[in-house]
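Worksheet for the structure shown next.
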Amino acid sequence: MTAFCGIELAHPVINASGCFDALAAREVFGDSLIERFPFAAYVSKTVTLGPRAGNPPPRLWEAAGGLINSIGLPNPGIDAYLETHLPAYAALGVPIITNVMGSTVEQFGELVERVALRDEVAAIELNVSCPNVATGLDIGADPHELERLVTALRPLSAKPLIVKLTPNAADVAACAAAAESGGADSVSLINTLRAMALAPGATAPWLGGGTGGLSGPAIRSIALAQVASVAASVAIPVIGMGGVASGADAAALLDVGATLVAVGTETFRDPAAGRRIANELAQRFAENAA
Amino acid sequence: MVGRRALGAYVVLEVGDEAVAAAPGQFYMLAAVVGWGGGEGERPFLGRAISALFAGDGRVGFLLEDVGPGTGRLCSLAVGEELWLVGPLGRGFDAPPAEREALLVGGGVGIPPLAMFQEAWGGRALLGFRDARHAAGASLLKDAELATDDGSVGHAGYVTDLLERELRAAGEVCVYACGPPAMLETVRALTLAAGVPAWLALEAPMACGFGACFGCVVATHDGFKRVCLDGPVFEAAVLA
């Protein structure tokens with residue numbers, strides 16, 4: 001068992017927000033998904049106050065050793081999330097972490113207050129770092145703004161607050177320390193790195209959103225450096241992620257101070273990646289103990 | 001991989017698959033086990049969404065053309081090498097209405113869903129290819145009427161010219177199409193103008209193939225829809 005902010009988890013591997021979609025996966029793979037849910041907790045995609053359609057396509061570009069996406073946080077809005085998505089997630093049988101994003105402190109406040117009322121939610125993750133959305137970049141990249149936000153949200157919920165940090169900041173460790181000062185229970189990192197691709201044979205950006213976020217093995221070494229830096233700077237638990245595709249990758253993040261490891265892009269290639277990585281990790285622990 | 005043969009400009013792969021067989025219009029995500037992804041700095045990284053060409057008796061087949069790093073790697077596989085398969089995925093074609101003749105309009109490497117359709121429910125095939133080398137793919141369907149861009153086989157011009165002729169004739173038809181985006185757009189416009197029901201099997205780059213990434217969306221009159229989960233087959237009238 002792994003303890004995280006007072007939550008008991010079966011193992012230290014969870015999903016990264018925005019990648020694995022439990023509802024779509026259940027629709028495609030059936031109830032066997034529930035019986036063998038690949039993650040120790042389920043982190044929702046980002047939820048906003050109102051519904052969002054997302055960015056115009058094309059939304060994907062396969063980069064060297066990774067993927068640039070400009071999905072644009074499509075979601076049904078908080079009303080539909082609480083009414084239909086959350087009860088469906090609760091049936092997964094693992095703790096649920098709801099990820100929310102507002103464009104102002106007031107919007108964040110309303111989202112946190114509404115999510116806090118629901119017993120199905122084990123923790124709340126604040127998306128202050130999505131590089132696809134201008135507001136996220138501003139708050140999460142500025143330690144003062146970030147501390148102000150977390151300080152304002154802290155009294156609104158007794159549930160653990162996780163701040164998802166952006167890697168697109170001058171000093172990520174300073175942002176982590178600011179989140180901790182504001183009262184965050186945990187920080188998670190890294191989100192995608194702002195990136196761009198040009199359309200083949202053209203001078204214009206390929207992605208409908210202009211720029212996007214880079215993920216996958218290409219960012220694994222950057223994630224390791226940032227997680228190590230943040231874990232050395234704060235006392236609260238750290239959720240490490242970025243390019244994790246194997247038990248060895250997960251172990252590296254735990255070795256530099258992460259408490260949990262999240263898997264994102266790899267679940268696109270292998271929907272069962274969470275379970276595979278958790279098993280590989282358990283095997284490493286067993287070998288080390290022997 | 002249990003079988004591989006060259007077919008003109010194409011390669012037909014056969015993979016052992018004991019799982020549920022694909023229905024016409026469904027697809028799989030394909031990736032080679034070795035020489036694919038993970039290795040830093042190398043494409044391909046993501047699986048490639050490839051329609052099933054046939055499925056049954058523990059085997060599923062795919063039609064491939066070497067057009068880039070992913071399909072190039074898949075075409076280079078030899079019998080005995082391993083693939084990652086996730087599938088069958090997506091919503092394929094429904095059985096055609098009994099009162100209408102099914103016209104199967106295909107272009108290039110997009111013909112596999114129509115081959116499975118014809119095998120299951122029949123239908124008259126109109127197929128378009130770049131040249132004679134690619135037109136060898138027409139042997140995957142029965143009694144196809146052909147068009148080639150260079151005029152080397154069949155009608156000199158587009159397969160949509162053949163469709164236009166059929167739509168001018170008086171018969172009660174419905175259209176099932178798969179091929180390059182420009183061809184599908186013409187099929188959509190022609191069938192809509194003629195008031196003929198049509199279903200299009202779309203293609204889009206996908207990161208996952210099972211509805212998680214929201215990267216493959218297409219604009220419809222009801223907002224963005226995921227090609228992988230809501231499609232790949234869409235009724236032409238719903239596309240915006």
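What you see is a predicted model, and the numbers here were worked out from it, not measured in a lab. Lettering follows sequence order; numbering is per chain, from 1.
- Nearest approach of A:Glu27 to B:Leu229, heavy atoms of both residues: OE1-CD2, 3.9 Å.
- Only the side chain of A:Thr265 comes within contact range of chain B, with heavy atoms under 4.5 Å apart.
- Of the atoms belonging to A:Pro271, heavy atoms from both backbone and side chain fall under 4.5 Å from chain B.
- Atom CH2 of B:Trp84 has 12 or fewer heavy atoms from other residues, nucleotides or ligands within 6.0 Å.
- Heavy-atom distances place both the backbone and the side chain of B:Val217 under 4.5 Å from chain A.
- For the pair A:Glu62 (side chain) and B:Phe45 (backbone), a donor-acceptor distance under 3.5 Å is present.
- For the residue pair B:Arg226 and A:Ala24, the shortest heavy atom distance occurs at NH1-CB, 3.8 Å.
- In terms of heavy atoms, B:Phe214 sits closest to A:Asp21 at CE1-OD2, 3.3 Å.
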Table please: side-chain donor-acceptor pairs of residues 53-61 of chain B below 3.5 Å, with sequence neighbours left out.
| from | atom 1 | to | atom 2 | distance (Å) |
| --- | --- | --- | --- | --- |
| B:Arg59 | NE | B:Glu14 | OE2 | 3.4 |
| B:Arg59 | NH1 | B:Glu14 | OE2 | 2.2 |

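- Atom CZ of A:Phe29 has more than 12 neighbouring heavy atoms from other residues, nucleotides or ligands inside a 6.0 Å radius.
- The contact between A:Ala53 and chain B is made by backbone and side chain atoms together, counting heavy-atom distances below 4.5 Å.
- At a threshold of 4.5 Å between non-hydrogen side-chain atoms, the residues B:Cys213 and A:Leu60 count as touching.
- Between B:Cys208 atom SG and A:Asp270 atom CG the span is 12.0 Å, to the nearest 0.5 Å.
- For B:Glu119, the CD atom counts as loosely surrounded, since its 6.0 Å shell holds 12 or fewer non-hydrogen atoms of other residues, nucleotides or ligands.
- Enclosure of atom CD in B:Glu81 by more than 12 non-hydrogen atoms of other residues, nucleotides or ligands within 6.0 angstrom is indicated.
- Within the 4.5 angstrom heavy-atom criterion, atoms from both the backbone and the side chain of B:Phe210 approach chain A.
- Minimum interatomic distance between A:Leu67 and B:Ala207 (heavy atoms only, all atoms of both residues): CD2-CB, 3.9 Å.
- Residue with the most contacts toward chain B among A:Cys19, A:Pro58, A:Ala245: A:Cys19 (heavy-atom pairs, distance under 4.5 Å).
- Summarising the local packing, CZ of B:Arg91 is surrounded by 12 or fewer heavy atoms from other residues, nucleotides or ligands at distances under 6.0 Å.
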